[in-house]
Amino acid sequence: MQFSAIPYERPDLEEVRQQADRIRQDFAHADTFETADAAWLAWDKLTAHVDTMMSLAYIRHSIDTTDTFYEQEVDYIDEISPVFTEIQQSFTKLLVESRFRKELTEKYGRLPFLNGEIFLKAFSPDIIPETQQTNQLETAYQKLLASAQIPFDGENRTLAQLGPYKKSADDTIRRSAWKAESDYYSSIGQELDDIYDKLVHLRTQIGHKLGYANFVEPGYLQMNRNCYTAKDVASFRQAVIKHIVPIADRLYRTQAQRTGLSYPFTFADAALQFRDGNPKPQGSADDILRTAQDLYHSLSTETTDFIDLLFHDELLDVLSKKGKAGGGYCTQLADYKVPFIFANFNGTADDVEVMTHEAGHAFAFYMARDLVPSDLQSPTLEACEIHSMTMEFFGWRKSEEFFGKDAAKFRYSHLFNAITFIPYGTMVDHFQHIMYEQPDLSPAQRHEVWKELLGVYMPWMQLDGSPFYGEGKGWQRQMHIYENPFYYIDYCLAQTVALEFWAIMQKNHADAWERYMRLVRKAGTQTFEELVATAGLASPFHEDALQTVAEAASQWLENNLIG
């Protein structure tokens with residue numbers, strides 16, 4: 001069924017309660033394994049349907065934030081979703097305490113029960129009011145950024161539409177675009193500070209109500225960390241400072257020589273990687289989409305079937321337009337066993353990267369779409385990001401088709417960005433830990449923390465005195481900080497593993513693809529570290545893994561230096 005034809009029906013909370021009560025009774029009073037199993041699958045079908053309607057509302061609201069119908073639906077879902085979580089938790093408690101747990105584990109594996117136990121610790125009906133308020137604030141943040149109309153080059157631009165100008169080879173245009181963006185964020189700075197301050201305090205209240213000193217541990221529980229802790233992440237951050245930051249700094253010094261720009265960089269000048277301009281995809285958005293189809297046709301029969309379904313059923317919306325929410329994501333519509341890709345093409349290399357990245361997520365869901373219960377279809381989020389970040393590297397085989405004369409530039413830039421992103425992403429994680437460990441910091445103190453972390457993780461940047469980036473407020477444009485606490489380190493862990501895949505691709509593409517499919521087919525049946533081991537790779541928590549990929553990428557970049 002094509003996306004536009006998928007019917008939406010508001011989830012009726014009372015009806016859901018009644019169906020949930022019947023299924024819970026069936027499961028609780030099951031006298032055989034078969035009866036309990038059937039009740040669990042009925043429960044899975046009910047929750048999948050509710051999730052489908054919620055996802056549908058969010059997608060259509062993202063596509064057009066000015067659509068009042070879906071705006072009201074998202075407001076309604078923000079209100080009822082914590083109550084729905086409470087309903088889900090009531091069944092999870094029965095599941096983990098079931099007298100048929102041994103038999104169910106033999107059929108479905110241990111993860112549904114391990115994750116269920118984490119879920120029970122991460123939620124309580126007591127936190128419903130705070131969760132409803134955080135949902136509303138997250139939506140307010142999205143709307144605020146989606147409403148941006150920034151005067152530039154004779155027109156009002158959205159934040160996404162300003163993107164190409166921010167990478168212009170013309171110093172005047174590029175710096176003016178960064179200033180225009182900086183001025184916009186500064187104009188809404190008070191609102192951004194207020195939203196985040198409320199979010200931090202609400203989440204801290206959630207932590208207290210769940211019995212914790214702050215939000216850090218419940219934040220990890222809500223991220224379903226089932227095989228590592230905050231201590232492991234802190235060790236990873238130290239390894240990044242030790243192994244990645246020096247290499248990234250060396251790469252930026254080389255960039256300064258290549259572009260003739262001053263080191264350390266202003267934020268605007270760091271965006272220019274080549275004096276004659278950053279790599280740009282050739283052709284139109286339609287050309288990028290056609291090449292993406294060719295890419296997936298070239299990889300395997302599975303990716304061929306996947307991409308044909310995606311395009312036939314219009315399961316993507318990628319063009320930037322007025323009123324559209326920012327960013328990009330992939331979600332799924334469980335009732336129809338299909339993914340959906342949302343993006344904002346803006347004529348830069350980001351268009352290709354987001355198309356391969358989000359399609360990596362979508363392909364992983366496509367491969368897992370028939371697994372039951374649906375909890376097994378997706379691993380934890382850092383493992384999901386391996387799917388997407390590794391798929392970006394598989395996209396190199398179509399570099400010439402995507403970028404034409406800029407193909408070599410793109411490959412260099414892509415690998416450069418993969419390495420240099422890790423310090424930034426780790427800094428975002430470190431910032432969030434400090435925010436929730438010290439929730440009473442003032443907005444000004446939060447900006448000072450960001451400034452200090454910039455000096456540790458990104459010493460190639462100078463604070464240039466601009467009213468936004470130069471004053472330590474750049475974190476406010478990172479939506480994950482507002483909407484997904486502790487998510488951002490997942491990208492860094494996954495990037496480390498994706499670079500391991502990249503290194504194998506340089507020697508044996510077929511071997512890399514076989515390992516990738518091995519990982520994807522396991523879907524959510526293993527923990528993050530188990531999945532990495534399944535692919536025959538080293539955990540990013542092993543310091544030598546980070547050091548090895550950093551040195552391999554650095555050597556490649558030195559050998560393929562451009563300009």
Do Leu299 and His509 pass the side chain to side chain contact (heavy atoms under 4.5 Å, CB included) test, and can you show the C-alpha distance, the side-chain angles, and the key distance before you say yes or no?
CA-CA 10 Å; Leu299 287 171; His509 188 279; 4.2 Å; yes

Salt bridge (charged side-chain N to carboxylate O under 4.0 Å, His left out) between Glu181 and Arg175: does it pass, once the steps are laid out?
CA-CA 10 Å; Glu181 183 194 57; Arg175 291 166 183 167; over 6 Å; no

Would you please test Val200 and Leu441 for side chain to side chain contact (heavy atoms under 4.5 Å, CB included) and show each step?
CA-CA 10 Å; Val200 168; Leu441 291 177; over 6 Å; no

Run the side chain to side chain contact (heavy atoms under 4.5 Å, CB included) check on Gln476 and His447 step by step: do they pass?
CA-CA 9 Å; Gln476 292 181 325; His447 303 322; 3.7 Å; yes

Evaluate the side chain to side chain contact (heavy atoms under 4.5 Å, CB included) criterion for residues Trp450 and Leu454: first the C-alpha distance (whole Å), next the side-chain angles of each, then the deciding distance (0.1 Å), finally the verdict.
CA-CA 6 Å; Trp450 187 254; Leu454 276 167; 3.8 Å; yes

Salt bridge (charged side-chain N to carboxylate O under 4.0 Å, His left out) between Asp64 and Lys321, worked out:
CA-CA 9 Å; Asp64 183 4; Lys321 51 185 177 282; over 6 Å; no

Could you go step by step and tell me if Arg174 and Asp170 meet the salt bridge (charged side-chain N to carboxylate O under 4.0 Å, His left out) rule?
CA-CA 6 Å; Arg174 186 182 66 259; Asp170 184 306; over 6 Å; no

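Taking every heavy atom of both residues into account, Leu315 and Leu309 meet most closely at CD1-O, 4.1 Å. The two residues Asp351 and Gly347 make their nearest non-hydrogen contact at OD2-N, 2.7 Å. Of all non-hydrogen atoms in Pro459 and Pro264, the two that sit nearest each other are O-CB, 4.1 Å.
Taking the six-membered ring for Trp and the full ring otherwise, Phe152 and Tyr184 have centroids separated by 6.0 Å or more. Aromatic ring centres of Tyr457 and His430 lie closer together than 6.0 Å. Taking the centre of each ring, Tyr488 and Phe431 stay at or above the 6.0 Å mark. For Phe541 and Tyr228, the ring centers are positioned less than 6.0 Å apart. Within the 6.0 Å centre-distance limit, the rings of His433 and Tyr220 are counted as a close aromatic pair.
Other residues, nucleotides and ligands place no more than 12 heavy atoms under 6.0 Å from the NZ atom of Lys179. In the displayed structure, Lys451 atom NZ is contacted under 6.0 Å by more than 12 heavy atoms of other residues, nucleotides or ligands.
Stacking of Arg258 on the aromatic ring of Phe274 is recorded, both the 6.0 Å distance cut-off and the 45° axial limit being met. Judged by the 6.0 Å and 45° rule, Lys280 forms no cation-pi pair with Phe410.
In this structure, the side chain of Ser320 does not engage the main chain of Asn344 through any donor-acceptor pair within 3.5 Å. Counting only distance, with no hydrogens or angles, the side chain of Glu358 and the backbone of Cys330 share a donor-acceptor pair below 3.5 Å. A distance-only check finds a donor-acceptor pair linking the side chain of Thr496 to the backbone of Cys492 [under 3.5 Å]. Here the side chain of Ser399 pairs a donor or acceptor atom with the backbone of Trp396 at under 3.5 angstrom. Between the side chain of Ser554 and the main chain of Glu551, no donor-acceptor pair closer than 3.5 Å is present.
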Would you be so kind as to tabulate the donor-acceptor pairs closer than 3.5 Å made by side chains of residues 236-249, with sequence neighbours excluded?
| residue | atom | partner | partner atom | Å |
| --- | --- | --- | --- | --- |
| Arg237 | NH1 | Asp429 | OD2 | 2.8 |
| Lys242 | NZ | Glu543 | OE2 | 3.1 |
| His243 | NE2 | Glu543 | OE2 | 2.7 |
| Asp249 | OD1 | Tyr263 | OH | 2.3 |
| Asp249 | OD2 | Arg253 | NE | 2.9 |
| Asp249 | OD2 | Tyr263 | OH | 3.4 |

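The side-chain hydrogen bond (donor to acceptor under 3.5 Å, both in side chains) search around Tyr482 returns none, not counting sequence neighbours. Applying the side-chain contact (heavy atoms from CB on, under 4.5 Å) test to Ser182 and every residue at least two apart in sequence or in another chain returns Ser186, Ser466, Pro467, Phe468, Tyr469. For Thr229, the side-chain contact (heavy atoms from CB on, under 4.5 Å) test picks out Lys231, Asp232, with sequence neighbours left out. Considering only residues two or more places apart in sequence or on other chains, Asp308 meets the salt bridge (Lys or Arg N to Asp or Glu O under 4.0 Å) condition with none of them. With sequence neighbours left out, the side-chain contact (heavy atoms from CB on, under 4.5 Å) criterion links Gln332 to Phe365. Here Glu385 pairs with nothing under the salt bridge (Lys or Arg N to Asp or Glu O under 4.0 Å) rule; sequence neighbours left out. For Gln149, the side-chain contact (heavy atoms from CB on, under 4.5 Å) partners two or more places apart in sequence, or in a different chain, are Asn156, Thr158, Lys322. With sequence neighbours excluded, no residue forms a salt bridge (Lys or Arg N to Asp or Glu O under 4.0 Å) with Glu314.
Side-chain contact, His297 with Thr304: no donor N or O sits under 3.5 Å from an acceptor N or O. One side chain, Gln273 or Ser413, offers a donor N or O that lies under 3.5 Å from an acceptor on the other. Side-chain polar atoms of Glu529 and Thr527 form no donor-acceptor pair below 3.5 angstrom. Of the N and O atoms on the side chains of Thr534 and Gln526, at least one donor lies less than 3.5 Å from an acceptor on the other residue. His480 and Tyr491 are linked by a side-chain donor-acceptor pair at a separation below 3.5 angstrom, with hydrogens and angles left out of the test. For the residue pair Tyr165/Arg157, the side-chain donor-acceptor check at 3.5 Å is satisfied. A donor and an acceptor atom, one from each side chain of Ser62 and Tyr329, are located under 3.5 Å apart.
In summary, Asp276 and Lys409 engage in a salt bridge, as defined by a charged side-chain N under 4.0 Å from a carboxylate O. Salt bridge Arg446/Asp193: absent, no basic N to carboxylate O contact under 4.0 Å. A salt bridge does not link Glu500 to Arg515: none of the charged side-chain nitrogens sits closer than 4.0 Å to a carboxylate oxygen.
Residue pairs meeting the salt bridge (Lys or Arg N to Asp or Glu O under 4.0 Å) criterion with at least one partner in residues 454-463, sequence neighbours excluded, are absent. Counting only residues at least two apart or in different chains, salt bridge (Lys or Arg N to Asp or Glu O under 4.0 Å) contacts with residues 284-296 comprise Asp287-Arg290. Every pair passing salt bridge (Lys or Arg N to Asp or Glu O under 4.0 Å) that includes a residue from residues 471-499 is listed here, sequence neighbours excluded: Arg225-Asp490, Glu471-Lys473.
Note: Phe342 CZ to Tyr58 OH = 14.0 Å, rounded to the nearest 0.5 Å. Distance check: Asn224 CG to Thr380 OG1 gives 6.5 Å after rounding to the nearest 0.5 Å. Annotation: the span from Thr65 atom OG1 to Leu145 atom CG amounts to 11.0 Å, rounded to 0.5 Å.
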